[in-house]
Number of protein chains: 2
Amino acid sequence: MISLEGYRIFLHTAKSGNLTKAAQELHITQPSVSYAIKQLEESLGVKLFNRLSKGVELTAEGRALLEYVEPSFSLLEAGETKIRSLKQLETGELRIGAGGSLIRYLLLPYLKHFRTRYPNIRIRLTHGKTPDLAKRLIEGQIDLGIVHMPFADRLLDVRSFMTIQDCFVVGEAYREWSERTLEAEELGRLPLLLLSKGSSTRQFVEQWFAAQSLPLEVDIELGSLELLIELAQLGFGAAFVTRSFVSKELESRSLYELPIREPIPERSVGIALRRDISLSEAAARFVETLTSPLP
Amino acid sequence: MISLEGYRIFLHTAKSGNLTKAAQELHITQPSVSYAIKQLEESLGVKLFNRLSKGVELTAEGRALLEYVEPSFSLLEAGETKIRSLKQLETGELRIGAGGSLIRYLLLPYLKHFRTRYPNIRIRLTHGKTPDLAKRLIEGQIDLGIVHMPFADRLLDVRSFMTIQDCFVVGEAYREWSERTLEAEELGRLPLLLLSKGSSTRQFVEQWFAAQSLPLEVDIELGSLELLIELAQLGFGAAFVTRSFVSKELESRSLYELPIREPIPERSVGIALRRDISLSEAAARFVETLTSPLP
DNA sequence: TCATGATATAGAGCACCTCTATGTCAGAGT
DNA sequence: ACTCTGACATAGAGGTGCTCTATATCATGA
């Protein structure tokens with residue numbers, strides 16, 4: 001097999017027309033260049049250079065070879081440049097999957113920050129429920145998934161990166177309910193606004209009711225958290241939401257949280273990654289972004 | 001500096017998705033491949049493969065790199081192929097087939113020129129009639145054929161490269177016939193010297209007579225144009241020949257052309273090649289020689 | 001639980017490249 | 001002519017780094 005280093009030396013020699021100069025460029029000695037050229041000539045079975053008194057000059061065969069070797073090395077160099085720029089996050093893509101409202105209410109500030117910092121990384125977002133995201137992850141269609149915990153899969157590495165606290169909120173119409181601590185069973189006397197079945201949040205609230213042996217009567221169920229919040233504000237009932245997602249509304253008093261004696265346990269949101277593959281540079285950096293506090 | 005051998009190993013590994021298989025292809029051992037990939041990854045500072053339990057799989061960065069490395073190596077390989085074919089010019093051979101008198105009267109100057117330019121190419125000449133040449137071409141026994149046009153074959157690429165003009169010539173004995181324009185039918189009053197049946201030239205002259213509804217009475221028919229010309233000079237009659245083949249004799253007035261009212265159409269001579277195989281370097285150069293003017 | 005088929009690691013060995021030193025040669029300058 | 005300069009070639013020593021064998025480790029599927 002032909003030594004590839006020989007081609008690199010050939011290329012420099014051909015371009016400078018001078019073994020000694022080529023040697024300097026390559027930080028090796030002139031005899032090494034001489035040796036390498038000789039090796040290459042012998043492997044190919046043709047003379048590549050005519051040795052003149054003032055340097056070397058390509059033969060017809062050498063010139064023919066150069067026409068291939070030069071672009072070949074340009075490509076390799078371009079490849080190395082590409083890798084460098086991927087490493088510097090000057091290019092690349094980041095494929096994120098996230099469930100329901102997490103993109104809008106939780107991921108958005110991180111995405112904004114990341115996009116400002118690395119404007120040339122193409123961000124692709126995929127919406128999907130947790131099992132769907134798991135499937136996409138395993139198939140390599142997304143780099144990482146953002147899911148409600150608990151969630152586990154043999155092939156996935158899921159690590160919590162944020163805890164969230166859920167609560168019930170009401171609008172002005174039911175404001176008085178927020179002025180004293182309620183027993184859990186009293187909630188049944190209010191119309192309940194929940195996310196549709198199948199969402200992690202819905203599962204979670206169902207479990208909470210079940211844990212206390214309380215029946216759960218749902219009055220309004222919606223796929224969109226946005227709409228849920230709006231209806232709560234309009235006085236349609238008590239909505240089960242993550243507190244931090246409505247912090248603005250709570251501050252501006254367009255929503256009120258219902259204090260409940262039986263505390264709603266904390267949940268956490270996790271990052272799901274394929275266990276056996278390493279992250280792309282962009283994905284790794286995004287995970288860092290997620291796990292360190294926003295400025 | 002990055003070891004180029006590493007790229008070759010990377011390429012094979014990426015394509016087979018399996019270090020062990022790549023090692024076999026490269027005739028080295030699996031640990032060597034493992035080592036090389038690791039080296040490359042460390043030099044570039046990125047992981048190129050995810051190690052799975054059933055082989056390896058490119059990472060995003062690896063995939064990006066492959067897009068450059070693969071064409072780069074294709075180029076190198078093409079370069080090596082080119083060199084190999086150029087080398088053939090040092091030792092190769094050129095097998096030409098040509099009909100009848102074409103070798104001697106048309107090809108010879110080109111052959112001389114080619115032989116001077118590429119003295120190490122062994123030239124093999126095959127004599128044969130057009131259909132025979134076609135058969136040899138198709139069977140790969142010759143690289144190219146020189147044939148009278150028109151001629152076509154599904155498997156052959158035939159391109160005209162020279163037009164020729166035929167004429168009737170006589171020796172001193174019939175010189176007076178050359179001093180006025182003859183009607184075609186007057187030719188019948190001269191003894192006619194033609195090439196033997198089966199030759200393209202004979203076919204052509206027969207067609208010409210037939211086109212004018214003239215009977216053709218052949219007095220002397222020979223396989224050799226050389227002899228035909230000699231007999232014409234000796235006054236045996238009018239010979240049908242290609243004008244450029246006897247230009248020397250016409251100049252030196254050992255032969256005279258008969259002016260004829262009905263013009264004899266031009267013919268052309270073509271190069272026949274096999275359509276589906278690429279020419280050897282030597283054959284390609286010879287075709288160049290034929291299609292560009294002699295110095 | 002075991003067999004299978006992967007990759008990773010450790011450590012020895014040596015091939016091949018690279019170096020230093022020196023030879024050879026052609027051309028320019030005096 | 002002679003020498004000086006700048007080039008490439010050759011010889012031989014030396015050491016780096018690749019490659020090998022042997023073995024570990026790990027995941028998967030039966």
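What you are looking at is a predicted structure, and each value in this text was computed from that prediction instead of being measured. Naming: A, B, ... by sequence-line order, numbering from 1 per chain.
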- [ ] Check the angle between the aromatic planes of A:F168 and A:W208 and answer parallel, tilted or perpendicular using the 30° and 60° thresholds.
- [x] tilted

TODO: State plainly whether the residues A:E221 and A:K197 are in salt-bridge range, i.e. N to O under 4.0 Å.
DONE: no

Task: Salt bridge B:E25-B:K15, side-chain N to carboxylate O under 4.0 Å - done: no

- [ ] Could you check which of C:dC17, D:dG17, D:dT28 has an atom nearest any side-chain atom of A:Y35?
- [x] C:dC17

Task: A:L19 CG - D:dA9 C1' separation (whole Å) - done: 10 Å

Open item on the list: Any base atoms under 4.0 Å from A:D276, or only sugar-phosphate, or nothing? Heavy atoms, all strands.
Closed with: nothing

Open item on the list: Students often get this wrong, so: under 4.0 angstrom with heavy atoms, is A:R275 touching a base, only sugar-phosphate, or nothing?
Closed with: nothing

TODO: Please check the phosphate of D:dC8 (OP1 and OP2 only) for any side-chain N or O of A:S34 closer than 4.0 Å.
DONE: no

Open item on the list: Using OP1 and OP2 only, check whether a side-chain N or O of B:T29 sits under 4.0 Å from D:dC20.
Closed with: yes

TODO: Tell me whether the OP1 or OP2 atom of D:dC26 has a side-chain N or O from B:R51 closer than 4.0 Å.
DONE: no

Open item on the list: Using heavy-atom distances to pick each residue's nearest nucleotide on DNA chain C, tell me which of A:P31 and A:S3 is more 5'.
Closed with: A:S3

TODO: Describe the nucleic acid contact of A:T20 in one word from base, sugar-phosphate, nothing, applying a heavy-atom distance below 4.0 Å.
DONE: sugar-phosphate

Task: Short side-chain N/O contact to C:dC19 OP1/OP2 from A:S32, under 4.0 Å - done: yes

Open item on the list: Is it the case that the side chains of A:T242 and A:D166 hold a donor-acceptor pair, with the cut-off being a distance below 3.5 Å and no angle test?
Closed with: yes

Task: Protein-nucleotide distance (B:Q30, atom CD; D:dT25, atom P), rounded to Å - done: 16 Å

Task: Whole-Å distance separating the NE2 atom of B:H27 from the P atom of D:dC20 - done: 12 Å

Task: Residue A:N18, side-chain atoms from C-beta onward, closest of D:dC18, D:dT21, D:dA7 - done: D:dA7

Task: Of the listed nucleotides C:dC19, D:dT19, C:dT9, the one nearest the side chain of A:I28 - done: C:dC19

Open item on the list: What is the separation between atom NZ on B:K38 and atom P on D:dG17, rounded to the nearest whole Å?
Closed with: 15 Å

Task: Whole angstrom value for the distance that separates P of C:dC16 from CD of A:Q39 - done: 9 Å

Task: A:R8 to A:F73 six-membered ring, cation-pi geometry met (6.0 Å, 45°) - done: no

